[in-house]
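Below is one structure, written out as structure tokens, with a few remarks after it.
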Amino acid sequence: MNFLKTIVAAGLVAASTSAFAADITGAGATFPFPIYSKWADAYKKETGNGLNYQSIGSGGGIKQIQAKTVTFGASDAPLKAEQLEKDGLVQWPMVMGAIVPVVNLEGVKPGELVFDGETLASIYLGKITKWDDAAIKKLNPNVKLPSEAITVVRRSDGSGTTFNFTNYLSKASADWKSKVGEGTAVEWPVGVGAKGNEGVSGNISQTKNSIGYVEYAYAKQNKLTYTGLVNKAGKPVQPTVEAFQAAASNADWAKAPGYYVILTDQPGDKSWPITAATFILMHKEATDKAASQEAIKFFRWAFKNGGKAAEELDYIPMPAGVVQLIEKTWAAEIKS
Amino acid sequence: MAVQSDVIDDAGPYDRAKALSAFKLGDLTFYWITRLSAISVLLILGGIIVSLIVGAFPAMKEYGLSFLWTQRWAPSADPPVLGALGPMYGTLVTSFIAMLIAIPVGLGIAIFLTELCPQWLRRPIGMAVELLAGIPSIIYGMWGFFVLGPFLANTFQPFMIKIFDGVPVLGAIFVGPPSYLSLFNAALILAIMVLPFITSISVDVFKTVPPVLKEAAYGVGCTTWEVVRSVVIPYTRVGIIGGVMLALGRALGETMAVTFIIGNSFRISSSIFAPGTTISAAIASEFAESDGLHQSGLILLGLLLFVLTFFVLAAARLMLLRLEKKAGK
């Protein structure tokens, strides 16, 4: 099997170098696809060099870069340092997003409701089944909550969004951690599964008394009723770009080997608790060094010029300090 | 005449042999081309089975037969715990309900179209049935999601739940909070999707009933109902069952529409208004982001669907055979 992969990889690399010398190939996570393609478009206009990014899912991205069929892979779930070492890979965060709980409750406006991790976990465990449960009431003394059953909505397909959401619940609730745990697809105790962020958004906007979780961009574009969350510091926060950025800058990137930081439940008074970075994976010693250098040029350009485009699409650019760290990593680890 | 026949006789032996061998070559080529085409089906089928078995092998080794009756599906557990009971249950229940609805309705349409329908109405209804078959499955899924689901959840399900509340067995089937992503919604969409298969084939076979038979039956004073029951349906039984099997095959394997509206929950609930999942929906949802044992488990699910379909079709053949025998007596 490995032998076969090598042949395919070699063939692909050979084909890509001879035919499209300037094109960079990448594959992986679906969540950053809109911003990567927007960057690629602008980059092509400026430099004439194209980027071919296939959004096949985080798992697929990791597999493709391991098989060396692409110049870079992309994943919402970072690889652990020892795994990176084993495959000879370098990893860094490229852009960030956030996940927000959304509800459909009559008379409740965006941002009015507040949850904490424990309550959210209890709802998704099926322990809290009614909207007027004491735990929800305690967090929201001023909101009128109906005595109706909660319809729980979650993703049915494996996804980085689910990985970050369940990772947060695992950190916030010991019960969730022992019963369900984290992953791109988990054993959901309750709820209906919908496909993709758009499936969950559609479900929430149609079903009364429902709760779900989506990427912030989807909540915003579909005008869904998002909720606030109580963060690690015990402060209720609203999903805003400042709150997402606070979570990113409070994370300790410098000390994490391979930038293995999952941005959920970060410290800081203003941090939004379910913030997520999406990662790029590349080989330290690429088979095609020219393509590898070309890709680094593109990423450097994106960090420098891509911030505004990212914000327009409701992504959060990496803070300047983190970008400096990443530049150093490139210089030290990727051989040209 | 004589001269001509002499000429033919002279040239005869030589040309005849040549012509015959040319025919023979043509025949042989034709024979082998068709034979290879037929054999290719077996090869393709064999290839699919082998690749499924190879892909499913790690999961088979890990879970063994218990895969069949384990209800838990926990791909993120360490090690992953996978069981096929939930999706198998969902596949069978949705297909069963779909057939329960589609067979009588489909046959009803077919009988109306061939026996009772006024000429001018025949074409519009016939075309509508064919159009139903042509609609892509994702459109059915979207319609189920946006139109049928809300209607069922807000109107139909509360009504059924209220009626059967407290009735022993039926109470458990129609219970729980109404949800518009449910086994029942998926089954209903499936019923609509397989309707054209049953109807078109039944219409076609009903047309093969010799008019003499029907006229004779009417002649001895049979009503339309009696003609249909005792002449048309017995005469076309094999064809009808063929259509039903084709429909059942589609219902068992339908993916896109079902994934949209079934709710994708691996838990088995007594209620048909609860979310569930089917084998094909589970594979479609999780395959892209799966790896290792999880992926192997999904392939094993696929193999299971393959075997399940095989057994359903085999059972249908057996049933047909028994019916033939009974009719022969």
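Reminder, nothing fancy here: chain letters follow the sequence lines and each chain counts from 1. What you see below is based on every heavy atom in this structure, not just the backbone, and it leaves out hydrogens, waters and symmetry mates.
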(message) Counting only non-hydrogen atoms closer than 4.5 Å, can you tell me which residues of residues 257-271 of chain B sit against chain A?
(response) B:Thr259, B:Gly263, B:Asn264, B:Ser265, B:Arg267

(message) For chain B, which candidate among A:Asn203, A:Val180, A:Thr207 shows the most heavy-atom pairs at distances under 4.5 Å?
(response) A:Asn203

(message) Checking an interface table here. Which of residues 135-173 of chain B come within a heavy-atom distance under 4.5 Å of chain A?
(response) B:Phe145, B:Phe146, B:Pro150

(message) With a 4.5 angstrom heavy-atom cut-off, is it the side chain or the backbone of A:Arg155 that approaches chain B, or both, or neither?
(response) neither

(message) For A:Val153, which atoms come within 4.5 Å of any heavy atom of chain B: side chain, backbone, both, or neither?
(response) neither

(request) Go through A:Ser156, A:Gly60, A:Gly196 and name the one with the most non-hydrogen pairs under 4.5 angstrom from chain B. (result) A:Ser156

(request) Name the option with the most non-hydrogen atom pairs under 4.5 Å to chain B; the candidates are A:Pro189, A:Ser210, A:Ala149, A:Gly61. (result) A:Pro189

(request) Let me know if B:Ser290 has heavy atoms under 4.5 Å from chain A in its side chain, its backbone, both or neither. (result) backbone

(request) Please report the shortest heavy-atom distance between B:Ser76 and A:Ala185, naming the atom on each side. (result) CB-O, 3.5 Å

(request) Can you measure from NZ (A:Lys63) to CD (B:Gln295) and round to the nearest 0.5 angstrom? (result) 4.5 Å

(request) Flag the one option from A:Gly191, A:Gly183, A:Gly193 with the top tally of heavy-atom pairs under 4.5 Å to chain B. (result) A:Gly193

(request) Pick one of side chain, backbone, both or neither for A:Thr151, based on which atoms fall under 4.5 Å of a heavy atom in chain B. (result) neither

(request) Give a yes or no on this: more than 12 heavy atoms of other residues, nucleotides or ligands lie within 6.0 Å of atom CD of A:Glu85. (result) no

